[in-house]
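Worth saying up front: this structure is predicted, and the values here are computed from it rather than measured. Numbers here are sequence positions counted from 1.
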Amino acid sequence: GRPSAVEKAPEATGGKDFVVPDRRALKEQIQMIDSWLEDDITAREQLSQRPAHGASGAAPPFGGRGAPPSATPFSGVGVSAPVADLREVASGAAGSGDPCEAEVLKKLEDVKRRKGLGERVSPVFLKDVAAQAKPLFPSMTLERLVEMLRLFTSARFEDHDLYLRILGEIPVQVRGITTEMLTTCVRVLRRLRLPEETYLELFSMEAMNMIRAKRRPQARAPRRPPVPAKRLDPAAEAAMTASTGLTPVPPSTPPQESPAPFSVTQLVHLGSSLTQLGAKHASRFMDVFQEQLALAIPRMTQQECELVCPTLATSQLMPDSLRRAFLERCAKVEAGAPMDEAGGEAAPDIAQYQREAEQRRRRVKHFRNIYIFEASVRKETFSFFSSLPQEVRSYLDRLHAASEKLRHPGPSAMAAQIAGVLDQLGVSCDLARSAGPLGLHVVAKATNPRADCADIVYECNDAQAFYAVRQDDKGSAPQLTAYTKLRHRLLQRLGVQLTHINIWEWQQMSEAQRVNYMVKLQSLQ
């Protein structure tokens with residue numbers, strides 16, 4: 001018969017024997033992989049030699065004297081033993097015992113305690129702590145980085161290079177961030193007045209991804225019921241129901257969804273901080289945030305309503321529909337209601353007194369926000385104000401009447417200096433006058449007989465009124481914060497003409513120059 005393909009193979013090759021192909025390149029690759037494995041085992045041995053938590057000295061090397069037999073990587077224990085230690089180091093558990101990190105954290109906690117007691121901390125000491133902490137940032141875990149960021153900020157340490165170094169390590173580990181840590185990072189940026197677009201966009205997108213991951217799947221629309229073949233007589237249908245004993249029950253309304261994974265307070269902090277920093281919001285982030293805010297507004301308490309910054313309440317993150325729902329919720333929980341004064345009992349309950357004092361302290365910090373928002377709604381969007389329900393307008397009218405009785409927040413250091421110069425010139429000034437819910441900085445009597453008004457209102461734009469200037473942008477002019485712009489716009493709506501004095505101009509003047517500068521301002525008004 002005809003030869004098969006196997007029988008034809010020797011003939012096709014000319015009758016020569018089969019030659020084994022050269023595998024030299026493959027052998028070289030195998031040897032290279034073996035060398036990598038040896039290096040990896042050596043590195044794991046070095047990691048395993050690190051001291052354990054609380055160990056005073058370095059542990060003896062594997063296989064060395066004093067080491068237990070099980071510590072040797074090839075004495076009855078597989079390679080998986082050092083792997084567990086490597087995972088511990090990567091997760092940060094083993095690194096939590098780093099003496100350098102522990103020392104820096106201990107110093108910062110002590111600074112926080114001393115500032116709480118009213119003590120002054122030397123800037124030189126904080127500078128030394130920062131110099132000690134900077135080399136440690138690349139090896140820190142995400143939790144330690146956020147903790148360092150928070151503690152340095154609470155210490156009022158002004159070194160933007162330090163904060164940018166910490167923030168530069170966060171994107172590598174941002175996938176493991178929690179809602180609390182993300183909110184802390186954004187609040188720290190707001191407190192430092194650092195409008196870093198890169199990090200604001202990073203945190204916004206990560207918050208959006210976290211919300212989307214926890215979002216409930218949308219329920220599909222129910223199918224249409226089939227068309228009945230014939231219409232039953234109502235009497236026959238009633239008789240059928242009576243015979244079977246079954247009554248059709250409408251489907252129950254599903255429970256209202258709550259915001260997740262961010263709590264109501266975290267959501268308010270996130271939106272307030274982003275808007276105060278002037279962040280540019282992507283449309284997809286706005287849609288997700290507004291959806292969560294719509295779920296959070298019906299659950300807001302009195303303190304959470306007062307926590308909403310006016311920059312958030314007047315921004316694109318809160319459109320008219322959410323703004324209307326927010327005002328209705330404020331009216332329901334009586335946000336902005338007068339705070340009760342501390343009780344004058346002879347022997348009050350200590351625990352209850354401390355809780356009430358802490359609650360009053362938190363309310364005082366953000367108590368004025370709802371009054372500023374009411375003035376903005378009334379003066380800037382009167383058509384929106386007119387479209388509100390009657391009970392909401394009555395609530396806003398009560399706020400408007402109570403805003404005249406608000407206590408002045410107190411003069412700043414810059415306002416006190418300007419008032420001191422005016423006092424040297426013999427010009428009387430007032431540091432406790434207000435315009436609606438906003439406190440005026442310095443109100444001086446006009447000395448020019450041709451002045452159009454009797455008083456001159458000086459707006460003291462100190463460092464808190466501007467965003468922080470980075471070291472590589474020293475030549476550029478500082479930019480006013482979003483809250484300061486809202487304040488100036490609202491005062492103009494209230495009919496107050498401001499004369500601005502900026503901090504960077506004021507600091508560069510000597511005492512004589514400041515006097516001449518104020519004489520010139522008084523004569524020009």
Side-chain angles (χ1 to χ4, degrees), residues 118 120 123 156 158 191 193 276 310-311 364-365 367-369 371-372 375-376 379 400 402-469 474 476-525:
R120 185 177 180 274
R156 302 293 197 275
E158 296 291 339
R191 192 170 183 178
R193 309 183 317 280
Q276 288 186 66
T311 57
V364 165
K365 192 175 181 180
F367 181 71
R368 203 175 296 267
N369 287 340
Y371 290 91
I372 297 176
S376 176
K379 293 295 182 179
H400 182 71
S403 64
E404 300 177 356
K405 303 177 182 179
L406 291 178
R407 185 179 301 176
H408 193 277
S412 62
M414 183 179 175
Q417 293 176 2
I418 294 175
V421 174
L422 291 173
D423 185 63
Q424 294 179 15
L425 297 174
V427 179
S428 61
C429 56
D430 188 3
L431 298 178
R433 192 178 301 185
S434 300
L438 299 173
L440 302 178
H441 293 165
V442 179
V443 181
K445 291 292 183 181
T447 56
N448 188 351
R450 299 180 180 180
D452 297 334
C453 54
D455 296 327
I456 302 174
V457 181
Y458 291 105
E459 180 73 5
C460 306
N461 298 321
D462 56 4
Q464 298 297 322
F466 298 92
Y467 290 123
V469 180
K474 288 296 184 181
S476 60
Q479 300 294 324
L480 292 172
T481 63
Y483 181 82
T484 305
K485 292 179 181 178
L486 174 64
R487 168 187 167 85
H488 294 171
R489 187 174 66 247
L490 188 55
L491 286 175
Q492 185 178 5
R493 292 278 186 175
L494 293 172
V496 180
Q497 300 296 326
L498 299 176
T499 302
H500 296 273
I501 303 177
N502 298 322
I503 183 65
W504 69 84
E505 299 174 350
W506 184 258
Q507 287 180 338
Q508 294 176 358
M509 300 179 189
S510 62
E511 291 294 334
Q513 289 174 340
R514 290 179 179 181
V515 172
N516 295 333
Y517 181 72
M518 295 308 301
V519 169
K520 182 178 179 180
L521 288 181
Q522 285 288 122
S523 62
L524 291 177
Q525 301 300 323

**Study point:** Taking every non-hydrogen atom, the tightest pair across V442 and A415
**Key:** CG2-O, 3.7 Å

Point to revise | Heavy-atom closest contact (L480 atom, F466 atom, distance) | key: CD2-CE2, 3.3 Å

Check your understanding: Should we say atom CD of Q513 is surrounded by more than 12 heavy atoms from elsewhere, each under 6.0 Å from it?
Key -> yes

Point to revise | Gap between atom CG of L425 and atom CE of M518 - 0.5 Å precision | key: 7.5 Å

Review point. What residues form a ring pair (Phe, Tyr, Trp, His ring centres under 6.0 Å) with Y371, not counting sequence neighbours?
Key: F367

Point to revise | All pairs passing salt bridge (Lys or Arg N to Asp or Glu O under 4.0 Å) where residues 515-525 contributes a residue, at least two apart | key: none

Check your understanding: Is the number of heavy atoms from other residues, nucleotides or ligands under 6.0 Å of E505 CD greater than 12?
Key -> yes

Point to revise | Residues forming a ring pair (Phe, Tyr, Trp, His ring centres under 6.0 Å) with H400, sequence neighbours excluded | key: none

Practice item. Please list all pairs passing the salt bridge (Lys or Arg N to Asp or Glu O under 4.0 Å) test where one or both residues lie in residues 413-431, with sequence neighbours left out. Key: D430-R433

Check your understanding: Backbone N or O of T484 within a donor-acceptor pair of the T481 side chain at under 3.5 Å?
Key -> yes

Check your understanding: Tell me the salt bridge (Lys or Arg N to Asp or Glu O under 4.0 Å) pairs involving residues 489-502, sequence neighbours left out?
Key -> E380-R489

**Study point:** side-chain contact (heavy atoms from CB on, under 4.5 Å) assessment of L422 paired with Q522
**Key:** CA-CA 9 Å; L422 291 173; Q522 285 288 122; 4.1 Å; yes

Point to revise | Residue pair I503 / A463: nearest heavy atoms and the distance that separates them | key: CG2-N, 3.9 Å

Exercise for review: Under the salt bridge (Lys or Arg N to Asp or Glu O under 4.0 Å) rule, collect the residues that match up with R487, sequence neighbours excluded.
Suggested key: E459

**Study point:** More than 12 heavy atoms from other groups under 6.0 Å of CD on Q479
**Key:** no

Study note, to complete from the structure: Closest heavy-atom pair, L521 versus T499, reported as atoms and distance to 0.1 Å, is CD2-CG2, 4.4 Å

Review point. Taking all non-hydrogen atoms of both residues, which atom of A435 and which atom of L491 are closest, and how far apart?
Key: CB-CD2, 4.0 Å

